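Here the structure comes first, spelled out in structure tokens, and everything after it is commentary.
Predicted model, so just to flag it, every value in this text is computed and none were measured. Chain A is the first sequence line, chain B the second, and so forth, proteins listed ahead of strands; every chain is numbered from 1. These values consider heavy atoms only, across backbone and side chains, with no hydrogens, waters or symmetry-generated copies.
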Amino acid sequence: RQKSNLLQRWNVPIKLQMSRQVASSGVPGGRGDSSVFVLIVGLSTLGAGAYVSRKVASDDILYSLGLGHLPCCVCSKLSNLSPAAPGARPEVPSHVPFLLIGGGTAAFAAARSIRARDPGARVLIVSEDPALPYMRPPLSKELWFSDDPNVTETLRFKQWNGKERSIYFQPPSFYVPVRDLPFVENGGVAVLCGKKVVHMDVRGNIVKLSDGTQISYDKCLIATGGSPRNLPAIERAGKDVQQRLTLFRKIEDFKSLEKISREVKSITIIGGGFLGSELACALGRRARTRGLEVIQLFPENGNMGKVLPEYLSNWTTEKVRREGVNVMPNAVVKSVSVCGNRLMIKLKDGRKVETDHIVAAVGLEPNVELAKSAGLEVDSDFGGFRVNAELQARSNIWVAGDAACFYDIKLGRRRVEHHDHAVVSGRLAGENMTGAAKPYWHQSMFWSDLGPNVGYEAIGLVDSSLPTVGVFAKATAKDTPKSATEQSGTGIRSESETEAEASEVHISPSFSPMPQVPKQGEDYGKGVIFYLRDKVVVGIVLWNIFNRMPIARKIIKDGEEHDDLNEVAKLFNIHEE
Amino acid sequence: MTPPVSAFSELLLVVSYMVGKDRIIFATKEDHETPSSAELVADDPDDPYEEQGLILPNGDINWNCPCLGGMASGPCGEQFKSAFSCFHYSTEEIKGSDCVDQFRAMQECMQKYPDLYPQEDENEEKEKSSKDLEATPMEASAAKEEKGSS
């Protein structure tokens, strides 16, 4: 090939117009895909094949296009990947410039951000988890709806557009072996897994691991996340009960629950929030096909009772029931005991529930053990490490993700336990660790699907104790999560644009949708719900309408007082077909 | 804190009532077709609190742009940045013609990591390149919405 011919094909149409909407997290698929089409053509004169990358907001799309089998993303295998190293290299470097404590979504987002901004940066992730960094949302959603019988091994799921992806952010080849991190030419990200940081010396800038290893650092991120809470009633109950309990958070919990769901006759989920309701719906689907009894019980009046206004929470509860779940609201657990070969749950109001296995989804306790040795402040209202608006706890120490109680310059001090927040805050921490000094201003979003007919996205302070104004239109069959993805043609309904490989892909279960039963005045098919503090909108839920996150984000960012929220609702075009 | 009840003439188009502290409004399509009187703050192009796209206001490349995914941060990140920077700042008549070495280095690096950077077949690549140059439905709708918002 002629050189000039090749170069003519180097076409980099970049959507500069997208700069406003690009990279805002969580704008669903067709809308803000922030496409950058980069055509990079290798030199055929070298005899090398041409490489074309059509980047749709993520190299992870490349990864998901990757054909053939990928090696299992088990962290411990990484140490075997480097060839027999010279005897001189220690297994773990004694010093790293960037140390990230925790190997989840926030840490991965930070690692990526640091690498993007600091050429040749050397980043070490130290994770208790034996797995490489992965995303959690599919563990309670997509993975349950996969048709692949090996899904518990592959941890891959198919998107609507037929393309598969893994829950892992990157395959093992992305990472540098830990012992090579100080030496590899252009730096990289290494993951030291199955190790816990147990002590932090903030003045000496050194941490100590569970096995006694010491690592010094220049900059450190704490992204330790949280651990699932348990009910005191269950903790008291003894080993026999504990053996029949799942505290759901990690890959191994998914694997174990998936197996159990095939073996037992009855599973009870305690907790009515996001995780509990999603798992209930996921298991409810199996209830149909396998005769599994699925019970969900919680103290509130309805599903998502702390998030959605009561009328909507009630409506959602009915939907969850239609997914095959026996929902028991207003249920407070008094005691749990083993009865024969089954469990007996006694509620405070006297009701009894007999079941085989319990899944507790009753909240997350932020992992702040390091606060003591590090001398870091723990927030008494929200829990978590207290950090400033730039996510900084002290010089050289930042905190991101579930464990960070931070100052949001728009909405005040808060702690957020959602996936997109982990991405956004991790990314920001990475930027600030490389000198950006930016405050947290970019609102993260979250979403949930409860079956094929109820889906919503939300942003800001979505707290049902706030006064709300909900504006609804009548739903048509076109407004479900399933149809939203089909229409946009990408299958990616909700994508965090900040880190698309850290993004969530939505699949609603593919069984036939429930017939819509519209009741005049009570059909909350689609609409927008505003959460108010004084007259200012501080939170928005997009109810069964999609691709509108940018306008929602804008309204919260403006922080204006609005007298008539129906007028604001008009901006969302809720009637659009 | 609650919005005023709609004027009588609009009562037919909007139904609004309270359930405790929560207001519920059912609005018809006709009602929402009238222009909104809600005021939005004008966008400031120099707003430091807006996400930046691929190119920063000062002309530099934003390597942290989510649109790049992991290209700038992976094992071939440096080679990618080098090649793309060269291309971006190239003032040659054929843009990037002075960057052949950098692209070659990037290519060589990427070949070492086939699961991160899958290699395409040449024939497939021809097809794909022509598709990529066309606006996709996604882009078209995104562009449409851009005009609509702000």
Side-chain angles (χ1 to χ4, degrees), chain A residues 7 10 14 16 18-19 22-24 30-31 33-37 39 42-43 48-52 54 57-60 62 65-66 70 112-113 115-117 119 171 173-174 186 188 309 311 441 467-472 489 497-499 550-551 558 562-568 570-571 575, chain B residues 1 3-4 14 19 21-27 29 32 36-41 49-55 63-75 77-78 94 96-97 104 107 110-111 113 115-120 122 125 128-129 132-133 137-139 141-142 145-146 149:
Chain A
L7 295 170
W10 285 1
I14 293 164
L16 299 180
M18 297 289 286
S19 63
V22 151
S24 48
R31 195 269 167 261
D33 56 83
S34 48
S35 317
V36 173
F37 296 102
L39 223 63
L43 297 173
Y51 168 68
V52 169
R54 175 182 180 275
S58 171
D59 67 337
D60 222 29
L62 303 181
L65 289 176
L70 294 157
R112 165 160 297 189
S113 191
R115 287 280 299 157
R117 289 171 51 87
S173 52
F174 176 88
N186 289 318
Y311 63 92
W441 57 269
T468 67
V469 176
V471 183
F472 297 90
E497 288 175 314
T498 46
E499 296 289 345
I551 182 69
D558 281 356
H562 292 282
D563 280 319
D564 187 350
L565 284 151
N566 187 37
E567 293 299 317
V568 181
K570 285 183 184 176
L571 301 172
H575 298 90
Chain B
M1 180 177 329
V14 177
V19 176
K21 62 169 174 62
D22 303 309
R23 176 172 289 277
I24 305 172
I25 298 173
F26 283 94
K29 195 170 173 188
H32 272 210
S36 170
S37 62
E39 285 175 15
L40 295 178
V41 172
Y49 297 152
E50 264 302 332
E51 270 306 336
Q52 300 297 333
L54 181 62
I55 308 297
W63 297 117
N64 212 7
C65 178
C67 54
L68 289 177
M71 292 288 276
S73 58
E78 295 313 308
I94 296 174
S97 56
R104 181 187 303 150
Q107 173 82 10
M110 287 181 172
Q111 284 177 324
Y113 301 94
D115 25 317
L116 294 180
Y117 310 105
Q119 299 294 311
E120 301 283 350
E122 270 194 38
E125 157 246 313
K128 283 200 177 175
S129 59
D132 288 343
L133 289 169
M138 274 192 294
E139 271 200 270
S141 65
E145 286 191 36
E146 262 181 71
S149 67

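In this structure, CD1 in Ile24(B) is found 5.0 Å from OH in Tyr311(A), a value given to the nearest 0.5 Å. Interatomic distance, Met71(B) CE to Arg112(A) CZ, rounded to the nearest 0.5 Å: 11.0 Å. Once rounded to the nearest 0.5 Å, the distance linking OG of Ser37(B) with NE2 of His562(A) reads 10.0 Å.
Ser73(B) and Ala116(A) get closest at one heavy-atom pair: CB-N, 4.1 Å. Of all heavy-atom pairs between Arg115(A) and Gly74(B), the closest is NH2-O, 3.1 Å. The shortest non-hydrogen separation linking Pro75(B) to Ser173(A) is CG-O, 4.0 Å. Of all the heavy atoms in Ser36(B) and Glu567(A), the pair that sits closest is OG-O, 2.6 Å.
In this structure, the side chain of Asp558(A) does not engage the main chain of Leu40(B) through any donor-acceptor pair within 3.5 Å.
The shortest side-chain heavy-atom distance between His32(B) and Val471(A) falls under the 4.5 Å cut-off.
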